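Shown next, in structure tokens, is the structure this report addresses.
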Amino acid sequence: MEFNITPVMIVSALAYLVLGPVVGCLIAGIDRKITARMQGRFGPPILQPFYDVRKLLEKEPVTVNNGQDFFVMAMLIFMIITGCLFFIGENLLLVIFTLTTAAIFLVLAAYSSNSPYSQLGAERELLQMMAYEPAVLLIAVGLYMVKGSFNVSDIISGGPIAVLPLLGIFISYIFVLTMKLRKSPFDLSMSHHPHQELVKGVTTEISGRSLAAIEVSHWYENVFLLGFIFLFFANGSILWGVIGIVAILLLYFLEILIDNGYARVKWQLAFKWCWKITLICSGVNVIVLYFLKMYNLV
Amino acid sequence: MGTISFLILFPLIIALILLFVKSDKTRKPIVIIGAAVIAIFSIILVAENFSKGSLFFFPHEGTTELLSLGFGDSKLSLIKGDAGLASEILSYAMIAIEAVLCLLIVVLGIKYKKYLASILAIIQTPLLIYFEVTKGHEISIENNFYIDKFSMIMVLIIGIIGSLITVYALGYMKDFAHHLKEGEKDRNPLFFFLMFLFLAAMFGIVLSNNIVWMYFFWEITTLCSFFLIGFTKTQEAINNSFRALIMNLLGGLAFCIAILFMGNYFDFLEFSALLDMGAQGVAAGQANPVIALVVALLAFAGLTKAAQMPFNSWLLGAMVAPTPTSALLHSSTMVKAGVFMIVKLAPLLGASSILDIGPGFMVMLVGGVTFLLASFAAVSQSNAKRVLAYSTVANLGLICACAGTGTPEGTWAAIMLIVFHAVTKSLLFLCVGTAEHNVGSRDIEDFDGLFGRMPKLATFMIIGISAMYLAPFGMLISKWAALKSFVDAGNVWLILIIVFGSAVTLFYWTKWLGKMVAIVANRTNIEEKVNKSEWFTLTSLIGLIIVITLIFPLLSSTFVVPFIEGVYAPFGTLVSAAIAEDNMIILVVMVAFILVLPLLFYGKTNKRVVDLYMAGVNKGDNLTFIGSMGQEEEVRLRNWYMDDVFNEKRVNRIGLIVTCVIFTLTFSYMLGMGITLYKMITGGAL
């Protein structure tokens with residue numbers, strides 16, 4: 001039995017625990033600033049997301065039933081576990097499955113309220129999960145085929161640059177990232193603006209500290225989702241490490257651009273597009289990769 | 001008497017006793033004691049043989065011992081010391097029973113105008129009898145029984161889960177009998193007879209090395225399920241029972257032909273001999289088309305029994321039977337016999353090991369297609385039992401796909417799936433059965449607010465459903481292993497199938513889970529009405545799920561890996577668990593964590609409870625709102641079924657076409673190969 005906890009792993013986990021929400025909060029602040037500028041507004045201060053959460057913590061604690069908070073807390077905890085497993089370099093499939101469990105807890109939190117708007121959000125959230133899950137799993141498959149390991153630590157420390165042989169999978173991930181970051185046109189389950197058909201969707205019945213917990217878990221999640229992009233570029237060298245970080249910044253800017261450029265689509269469209277893109281880009285990519293490997297071209 | 005003979009004979013004796021027990025009061029102790037003894041002796045069998053290495057035969061088991069019961073001491077002296085003769089006499093006895101059963105099917109088929117069943121029975125049983133009389137009795141059988149680590153797992157599944165289901169049936173069938181209409185006969189004795197007979201036959205299947213005996217037990221399970229499905233004798237039940245019978249007889253026919261080929265070409269009738277010969281062929285790099293054909297026919301029989309497309313409709317039709325039947329068919333018996341056969345054949349299924357388009361190709365693709373399409377179909381179902389049924393078909397498909405790759409990793413995943421699926425699915429079926437009796441519906445939409453009405457049962461269901469697909473529970477670990485084995489084996493199509501299939505799985509389980517966790521106002525607890533025997537079984541199964549999930553690294557290292565090492569030893573393949581042990585440990589820690597978390601936090605809040613948001617028109621009870629005309633409207637929340645995307649009929653039609661193409665392609669290719677080789681050997685003359 002080999003189960004080694006190295007000091008590096010502990011430091012990485014602690015760094016993610018502490019720095020994760022800080023970076024996530026800053027990203028959210030910058031996001032809002034850029035969005036505002038794109039819309040010709042001045043925008044809130046960079047630390048506005050932090051002020052929002054601080055305010056939420058001071059609200060009067062109310063809830064619609066005594067079961068919901070458990071699911072919210074479970075979601076936060078599992079999201080943190082997911083990120084920690086990722087940043088200590090664990091198995092990528094394990095990371096994805098844990099992420100799924102975390103996301104399911106959010107859906108269950110919405111379902112548990114038995115409220116119409118929450119349930120609408122929950123169903124849509126679930127539909128999106130069904131839509132993006134194949135693409136996310138295929139990233140792990142593709143990286144394994146190129147790098148020969150599912151472990152994040154192995155993937156970032158050596159081997160070829162994954163983005164070229166995995167171009168199709170990378171394109172699918174950009175598509176899926178829009179969904180995962182809850183950006184328009186795929187902000188189907190949880191809207192930022194309450195005057196819409198789904199009110200606040202999944203979070204309609206969640207307030208105060210619980211809502212703050214959801215915000216924080218999104219910060220954690222976003223950092224980890226952007227970290228995924230790094231896997232496509234890393235090969236252990238500093239140069240490609242820098243390129244990876246630049247790629248993350250560029251792609252996030254692209255996501256903000258998409259967010260501001262499109263109106264929300266219907267769920268049917270979101271679902272069908274997502275599966276088609278996954279099949280065409282990721283699916284074909286995996287098949288081509290398989291044949292390239294067969295003739296030792298990769 | 002040896003433990004193996006005891007495990008087969010004891011349930012049979014209990015079954016016969018129960019056939020004549022009319023009152024609930026007398027039946028209860030017999031079933032409970034019977035179930036307990038079966039469970040204990042399955043554990044004893046495993047304990048006795050655990051240290052005996054990977055594969056162990058019982059040369060004399062089941063011959064002299066079994067005969068002493070049938071023939072008495074006087075005749076026993078004649079054949080004492082001649083195990084071969086004894087075994088032959090026993091084979092003849094089995095054939096006599098088979099002839100009687102064949103006659104029964106023929107008569108029933110004519111009576112209910114299901115002539116296809118009669119025809120299938122008329123073809124296969126005389127064929128086998130003819131073979132046994134002309135050729136079969138010349139072939140000496142050295143070992144009638146065997147045990148290895150995989151059959152140990154199967155014995156535990158049958159012995160523990162199967163017995164628990166019989167205990168559950170006590171309470172359930174009591175309620176069931178109360179619901180009978182005036183003048184209807186209480187046929188519970190027959191029901192319990194069939195349940196225990198089923199267990200006996202299952203033990204027979206997983207422990208027989210003599211393939212004729214295995215076939216005999218195989219056919220017994222077919223008949224048991226036929227009678228269990230038709231138990232209520234409604235027109236629907238009769239139709240569905242015949243569908244199950246016909247499809248399984250088709251598999252039986254393939255089995256029968258496989259026996260004929262085996263006996264006539266190779267002069268052996270032992271499963272171990274088939275595996276040895278196949279392994280030698282693979283190791284020598286020679287493809288033997290006859291072996292391939294035998295394996296393909298046996299695998300075909302396995303696929304029919306495992307309800308793979310296009311034969312999935314028999315398992316869905318089996319839903320008309322009382323719930324304990326469904327639980328038994330889906331978890332520990334019947335379909336598990338099908339996948340048992342496939343996993344046994346797994347070393348010979350490796351796609352390249354025998355033929356390119358051979359049995360491995362067939363099993364892998366039929367399993368994969370079934371997994372994907374059955375998962376699709378499950379989305380569109382609101383009937384809880386049908387969701388469970390499609391999920392069973394899908395999981396069996398995944399098991400077949402894993403075993404079909406023929407790699408050690410795939411086999412590891414397949415066995416793990418069998419274990420976790422057996423425990424979890426039996427729990428879910430029994431939970432739905434209990435809910436159905438108390439709520440009066442098996443529709444998931446009618447389980448609204450079940451958490452308020454039956455909190456304990458709803459909790460059990462939540463655990464059961466989570467265990468079916470969520471990290472860190474066992475089923476997900478097995479799916480993970482399956483994915484890894486597909487990638488390693490380079491099966492691109494299976495990779496795509498599993499990623500899309502598991503995404504859909506996630507959807508249909510979570511929407512059900514959502515109904516379970518929803519807290520609906522003003523629900524009264526109706527849980528006291530549930531029988532004690534039902535609670536006992538449900539609680540034991542929950543305990544089993546938790547224990548197995550916590551000890552699964554141990555299960556892997558003490559049972560599954562040694563078994564795979566044993567079967568793959570002749571191939572010289574490197575064997576390891578599909579998932580690294582440190583990952584297993586992380587998962588186990590997460591399980592422990594996820595179990596403790598609700599105990600600490602669930603339901604503990606000191607917050608003020610407020611009304612739901614309903615755009616300002618909530619009447620104040622969270623159940624009604626004020627409509628636009630000022631009238632009161634009830635709040636009704638319904639799930640998504642996406643019938644336009646995942647239409648059941650369309651999905652089944654696609655499955656039928658695709659799998660039929662795969663079957664036709666495989667068998668015609670193999671036939672072509674066979675004829676070509678035959679011509680080469682005989683110099684052109686056919």
Side-chain angles (χ1 to χ4, degrees), chain A residues 1-4 60-71 73-74 77 81 85 90-91 93-94 97-98 100-101 104 107-108 110-117 119 122-123 126-127 129-134 137-138 141 144-145 150 199 204-205 208 271 275 279 283 286-287 290 293-294, chain B residues 448-449 451 470-472 476 480 483-484 487 490 492 495-496 498-500 502-504 506-507 510-511 513-521 579-583 585-587 590 593-594 597-598 601-615 622 635 637 639-640 642 644-645:
Chain A
M1 202 173 293
E2 10 133 22
F3 191 60
N4 304 320
E60 184 205 351
V62 294
T63 179
V64 289
N65 63 44
N66 56 15
Q68 195 177 45
D69 284 353
F70 161 70
F71 294 110
M73 286 314 293
I77 292 169
I81 295 176
L85 289 174
E90 257 305 322
N91 188 301
L93 284 173
L94 178 64
F97 293 136
T98 320
T100 306
T101 304
I104 294 278
V107 174
L108 292 183
Y111 267 115
S112 80
S113 67
N114 204 50
S115 140
Y117 298 105
Q119 172 149 2
E123 301 273 2
L126 204 50
L127 180 100
M129 286 179 72
M130 173 164 69
Y132 66 64
E133 192 76 5
L137 283 172
L138 285 175
V141 171
Y144 178 69
M145 287 172 91
F150 278 115
V199 190
T204 306
E205 304 293 352
F271 173 63
W275 269 27
L279 256 185
V286 170
I287 292 169
Y290 168 70
K293 271 178 86 81
M294 201 151 86
Chain B
D448 254 346
F451 204 84
L470 276 186
L476 182 111
W480 172 2
L483 175 60
K484 186 165 181 293
V487 183
V492 186
I495 296 172
L496 292 182
I498 196 176
V499 298
F500 280 93
S502 36
V504 176
L506 181 112
F507 185 78
T510 314
K511 69 187 171 118
L513 201 53
K515 280 278 170 203
M516 293 295 105
V517 300
I519 295 170
V520 181
I579 293 176
E581 224 158 58
D582 57 336
N583 285 326
I585 292 164
I586 292 179
L587 285 162
M590 269 161 70
F593 183 68
I594 215 168
L597 212 57
F601 295 110
Y602 191 83
K604 289 177 186 149
T605 180
N606 44 13
K607 293 182 179 177
R608 187 162 65 87
V609 176
V610 293
D611 286 344
L612 294 178
Y613 176 76
M614 288 185 198
N622 289 340
V635 175
L637 300 176
N639 261 319
W640 287 9
M642 302 179 68
D644 53 333
V645 187

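Note that this is a predicted model, so its numbers are computed, not measured. Letters go in sequence order (proteins before strands), and every chain restarts at 1.
Residues B:Ala518 and A:Asn114 share a closest heavy-atom pair of CB-OD1, 3.8 Å. Here the closest non-hydrogen pair linking B:Leu496 and A:Gly283 is CD2-CA, 3.8 Å. Of all heavy-atom pairs between B:Lys511 and A:Leu126, the closest is N-CD2, 3.7 Å. Between B:Leu470 and A:Ile104 the shortest heavy-atom distance is CD2-CG1, 3.7 Å.
Of the listed residues (A:Leu138, A:Ile81, A:Thr100), the greatest number of heavy-atom pairs within a distance under 4.5 Å of chain B belongs to A:Leu138. The candidate from B:Ile594, B:Leu637, B:Val487 with the greatest count of non-hydrogen atom pairs under 4.5 Å with chain A is B:Leu637. For chain B, the option among A:Leu137, A:Thr98, A:Val64, A:Val107 with the highest count of heavy-atom pairs below 4.5 Å is A:Val64.
In this structure, the portion of A:Ile77 lying under 4.5 Å from any heavy atom of chain B is its side chain and not its backbone. Residue B:Leu513 touches chain A through both its backbone and its side chain, counting heavy-atom pairs closer than 4.5 Å. There is no contact between B:Phe451 and chain A, counting heavy-atom distances below 4.5 Å. Residue A:Thr204 touches chain B through its side chain alone, counting heavy-atom pairs closer than 4.5 Å. With a threshold of 4.5 angstrom between heavy atoms, B:Met516 does not approach chain A through any atom at all. Only the side chain of A:Glu205 comes within less than 4.5 Å of a heavy atom in chain B; its backbone stays farther off. Residue contact with chain B, scored on non-hydrogen atoms closer than 4.5 Å, involves the side chain of A:Leu85 exclusively. Interface remark: B:Val492 contributes side-chain atoms only to the contact with chain A (heavy atom separation under 4.5 Å). Residue A:Gln68: no heavy atom, backbone or side chain, is found under 4.5 Å from chain B. Of the atoms belonging to B:Ile498, not a single heavy atom falls under 4.5 Å from chain A. The parts of A:Ala74 that come within reach of chain B are both its backbone and its side chain, each placing non-hydrogen atoms under 4.5 angstrom from that chain.
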**OP:** Run the numbers on B:Met642 and A:Met130 for side-chain contact (heavy atoms from CB on, under 4.5 Å), then give the verdict.
**Re:** CA-CA 12 Å; B:Met642 302 179 68; A:Met130 173 164 69; 3.8 Å; yes

**OP:** With side-chain contact (heavy atoms from CB on, under 4.5 Å) as the test, would you mind laying out the steps for A:Tyr117 and B:Leu612 before giving the verdict?
**Re:** CA-CA 10 Å; A:Tyr117 298 105; B:Leu612 294 178; over 6 Å; no

**OP:** Would you check, one step at a time, whether the test side-chain contact (heavy atoms from CB on, under 4.5 Å) holds for A:Val62 with B:Val609?
**Re:** CA-CA 6 Å; A:Val62 294; B:Val609 176; over 6 Å; no

**OP:** Take A:Leu279 and B:Phe500, measure what side-chain contact (heavy atoms from CB on, under 4.5 Å) needs, and give me the verdict at the end.
**Re:** CA-CA 9 Å; A:Leu279 256 185; B:Phe500 280 93; 3.8 Å; yes

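Between A:Leu94 and B:Leu587, some side-chain heavy-atom pair lies under the 4.5 Å cut-off. Between A:Phe70 and B:Pro598, some side-chain heavy-atom pair lies under the 4.5 Å cut-off.
Note that the CE atom of A:Met129 and the CG atom of B:Leu506 stand 4.5 Å from one another [nearest 0.5 Å]. Expressed to the nearest 0.5 Å, how far OH of A:Tyr111 lies from CG of B:Asn639 amounts to 4.5 Å. The line from CH2 of B:Trp480 to CZ of A:Phe150 is 9.0 Å long, rounded to the nearest 0.5 Å. B:Ile495 CD1 to A:Tyr144 OH: the interatomic distance, rounded to the nearest 0.5 Å, is 10.0 Å. Going from atom CG of A:Asp69 over to atom NZ of B:Lys607 covers 3.5 Å, rounded to the nearest 0.5 Å.
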